[in-house]
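Data block below; observations after.
Numbered from 1 within each chain, the chains take letters A, B, ... in sequence-line order.
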2 protein chains.
Amino acid sequence: MSNKSAPTPAYQRIKDSILANIHSGIWTAGTAIPTEMALTETFGVSRMTVNRALKELTDEQILERRQGSGTFVAQNKFNQTFITVHNVRQDIEQIGKHYHANCIFAKQIAYDKLPDLAKSLFLHSQILYEVHIVHYGDGEPLQVERRIVDIGLVPDFSRQNFNLINTSDFLIKKVPLVHGKYKIIAANCPDDIAQLLGVGKDTPVLLLRRHTYSSGLVVTLVEMWQAGDSFMFEGVL
Amino acid sequence: MSNKSAPTPAYQRIKDSILANIHSGIWTAGTAIPTEMALTETFGVSRMTVNRALKELTDEQILERRQGSGTFVAQNKFNQTFITVHNVRQDIEQIGKHYHANCIFAKQIAYDKLPDLAKSLFLHSQILYEVHIVHYGDGEPLQVERRIVDIGLVPDFSRQNFNLINTSDFLIKKVPLVHGKYKIIAANCPDDIAQLLGVGKDTPVLLLRRHTYSSGLVVTLVEMWQAGDSFMFEGVL
DNA sequence: TAGTGGTCTAGACCACGTT
DNA sequence: ACGTGGTCTAGACCACTAA
């Protein structure tokens with residue numbers, strides 16, 4: 001009765017079979033697919049194995065399950081697309097360019113000198129540190145990072161050399177399991193950023209702004225500016 | 001011996017416990033966590049239940065598993081962020097505005113009148129259809145959609161009323177399980193788009209460009225323009 | 001009430017890495 | 001050789017939905 005554990009696992013064969021039925025149009029969005037018991041008999045496997053296949057397809061938003069009712073082909077897919085935002089360094093190296101960084105500003109700052117946006121986020125913090133870092137690909141400036149960190153929560157931060165250490169890499173080691181929110185905005189490039197990026201003033205740029213929490217407190221607020229045509233977010237559905 | 005199926009499932013309690021250890025800093029990135037057998041005894045559950053908890057945390061990129069070696073706290077997290085791009089209609093209705101659409105252009109177009117980008121994608125297609133649609137929130141134009149569809153693959157497309165039917169919703173029904181690539185670009189708003197969006201020329205705008213495949217052929221190419229400050233992509237890590 | 005999915009058990013064999 | 005995770009079984013009880 002034991003399974004010979006063929007090259008392709010049973011749950012994968014079941015997934016492939018279901019995907020083939022959807023792909024070929026036999027099962028369209030909203031269609032009820034066979035029950036777990038039915039698939040158990042069709043494929044000659046235990047219910048747990050069928051369950052795993054269906055659960056994974058549900059996690060991938062391809063199926064939708066309703067307890068007491070059945071399993072259905074999901075409606076979405078087009079409507080929910082994921083974009084992956086990587087580390088700057090990874091992004092730059094992935095397009096085959098040599099990466100380096102230059103930290104041009106690193107100072108402790110007073111709470112009342114913060115921009116309004118930052119004030120609303122760092123309500124309970126007194127000790128804040130700001131860094132400005134330019135990220136280069138093959139010697140060309142591709143991204144400007146402006147970051148504010150609550151060094152009450154990450155005391156070592158101000159003692160790092162950010163020409164060598166990536167701020168994100170450092171923070172994730174010190175403050176694991178963070179949670180954040182971000183926005184991508186198209187903006188005209190302010191003067192100072194334009195100079196650093198080597199583009200004309202009022203060139204359109206992508207601004208990614210993110211603040212990151214740990215245990216309910218904002219650890220860091222970061223703005224990443226990049227010239228619109230030299231860099232972009234990219235992803236696969 | 002049977003489990004009483006408490007309000008919170010056993011696998012969830014195990015996940016919570018592991019997350020608590022990571023969150024509190026007891027287990028940091030790279031740390032090896034207890035083996036499945038050890039957790040089986042600790043929590044008094046079967047190995048399958050422990051396995052589910054660990055598998056889910058691995059899928060969520062919080063743990064990393066190495067066969068023959070062990071389970072470890074993952075390094076990433078900061079470095080891979082997901083942005084969800086929804087349907088325009090969903091996005092507009094989610095911010096509490098009334099949605100409506102206006103299709104202002106819908107014509108079959110000849111292959112040699114395509115822009116270069118489109119030519120490279122629709123190599124094998126002869127019958128192409130282009131639509132321009134403006135999406136409104138509370139009567140205000142928020143997004144302009146320009147789309148080219150291979151109606152050799154989706155013949156019904158040209159007969160729809162896109163004031164009422166969402167192009168994405170229609171396509172996903174006709175061409176299930178598609179696969180696509182997209183880019184988000186910051187650009188200066190061209191004249192015609194600026195007029196439709198009701199913004200000044202050269203206002204910075206977000207341009208999301210996506211082409212979508214089915215069975216290896218490009219089904220549709222779409223450009224979605226939206227004013228930089230009135231709309232944005234947003235997500236949670 | 002009958003049928004569905006949600007969860008769980010107590011075993012098992014296997015592939016892989018480390019020793 | 002040994003311990004790890006990867007997969008699987010043949011049952012089971014439960015919660016939920018629909019008839």
Side-chain angles (χ1 to χ4, degrees), chain A residues 1-19 21-22 27 29-76, chain B residues 1-19 21-22 27 29-76:
Chain A
M1 201 64 65
S2 75
N3 192 302
K4 279 280 104 65
S5 199
T8 53
Y11 73 86
Q12 188 59 53
R13 294 199 311 271
I14 299 173
K15 285 179 69 175
D16 290 343
S17 162
I18 292 169
L19 285 171
N21 278 324
I22 297 175
W27 294 340
T31 304
I33 78 167
T35 66
E36 292 193 348
M37 278 311 296
L39 292 170
T40 292
E41 291 181 18
T42 303
F43 289 92
V45 298
S46 78
R47 200 189 134 206
M48 276 294 274
T49 303
V50 169
N51 184 275
R52 171 167 180 178
L54 297 183
K55 181 173 186 307
E56 291 191 3
L57 289 172
T58 304
D59 289 344
E60 296 163 21
Q61 313 217 14
I62 292 163
L63 297 179
E64 189 186 330
R65 315 199 72 185
R66 292 198 282 274
Q67 191 174 168
S69 179
T71 303
F72 306 85
V73 179
Q75 310 279 351
N76 315 343
Chain B
M1 201 66 64
S2 76
N3 191 303
K4 281 276 104 66
S5 197
T8 53
Y11 71 87
Q12 188 59 54
R13 294 200 311 270
I14 299 172
K15 285 178 68 175
D16 290 343
S17 163
I18 292 169
L19 285 171
N21 279 323
I22 297 176
W27 295 341
T31 304
I33 77 166
T35 66
E36 292 193 346
M37 279 310 298
L39 292 169
T40 292
E41 292 181 17
T42 303
F43 289 93
V45 299
S46 78
R47 200 188 135 206
M48 278 294 275
T49 302
V50 170
N51 184 275
R52 171 167 181 178
L54 297 183
K55 183 175 184 306
E56 291 192 2
L57 289 173
T58 303
D59 290 344
E60 295 163 21
Q61 311 216 17
I62 290 163
L63 297 179
E64 189 187 330
R65 316 199 72 186
R66 292 198 281 274
Q67 192 175 164
S69 180
T71 303
F72 306 84
V73 179
Q75 311 280 350
N76 317 339

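Rounded to a whole Å, the CZ atom of A:Arg13 is 13 Å from the P atom of D:dT7. Across the protein-nucleic acid pair, A:Phe43 atom CZ and D:dC8 atom C1' stand 16 Å apart, rounded to whole Å. Going from atom CZ of B:Arg52 over to atom P of C:dT9 covers 12 Å, rounded to whole Å. Atom CE in B:Met48 sits about 11 Å away from atom C1' in C:dT7, given to the nearest Å. Rounding to whole angstrom units, CG of residue B:Leu39 and P of D:dG3 are separated by 17 Å. Atom NZ in A:Lys55 sits about 11 Å away from atom P in C:dC8, given to the nearest Å.
Judged by distance alone with a 3.5 Å cut-off, a donor-acceptor contact links the side chain of A:Arg47 to the base of C:dG6.
Scored by the side chain to side chain donor-acceptor pair (under 3.5 Å) test, B:Asp16 finds B:Gln12 as partners (sequence neighbours excluded). In this view, A:Glu41 satisfies the side chain to side chain donor-acceptor pair (under 3.5 Å) rule with no residue, not counting sequence neighbours. Partners of A:Thr35 by side chain to side chain donor-acceptor pair (under 3.5 Å), not counting sequence neighbours: none found. Residues passing the side chain to side chain contact (heavy atoms under 4.5 Å, CB included) test with B:Ser17, sequence neighbours excluded: B:Asn21, B:Phe43.
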I'd like to know whether A:Ile22 forms a side-chain contact (heavy atoms from CB on, under 4.5 Å) with A:Thr31, so could you lay out the CA-CA distance, the side-chain angles of the two residues, the decisive distance to 0.1 Å, and finally the verdict. CA-CA 9 Å; A:Ile22 297 175; A:Thr31 304; over 6 Å; no
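Not one side-chain nitrogen or oxygen of A:Tyr11 sits closer than 4.0 Å to the OP1 or OP2 atom of D:dC8. A:Thr49 has no side-chain polar atom (N or O) that falls below the 4.0 Å cut-off from OP1 or OP2 of D:dT7.
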Check residues 48-56 of chain A and write down every donor-acceptor pair under 3.5 Å in which the side-chain atom is one partner and the other belongs to a residue at least two apart or another chain.
| from | atom 1 | to | atom 2 | distance (Å) |
| --- | --- | --- | --- | --- |
| A:Thr49 | OG1 | A:Ser46 | OG | 3.4 |
| A:Asn51 | ND2 | A:Glu36 | OE2 | 2.8 |
| A:Arg52 | NE | A:Glu56 | OE2 | 2.9 |
| A:Arg52 | NH2 | A:Tyr11 | OH | 3.3 |
| A:Arg52 | NH2 | A:Glu56 | OE2 | 3.3 |
| A:Lys55 | NZ | A:Asp59 | OD2 | 3.3 |
| A:Lys55 | NZ | B:Glu56 | OE2 | 3.2 |
| A:Glu56 | OE1 | A:Lys15 | NZ | 2.9 |
| A:Glu56 | OE2 | B:Lys55 | NZ | 3.2 |

Distances under 3.5 Å only, N/O to N/O: pair up the protein atoms with those of nucleotides 1-4 of chain C.
| from | atom 1 | to | atom 2 | distance (Å) |
| --- | --- | --- | --- | --- |
| C:dG3 | N2 | A:Gly68 | O | 3.2 |
| C:dT4 | O2 | A:Gly68 | N | 3.1 |

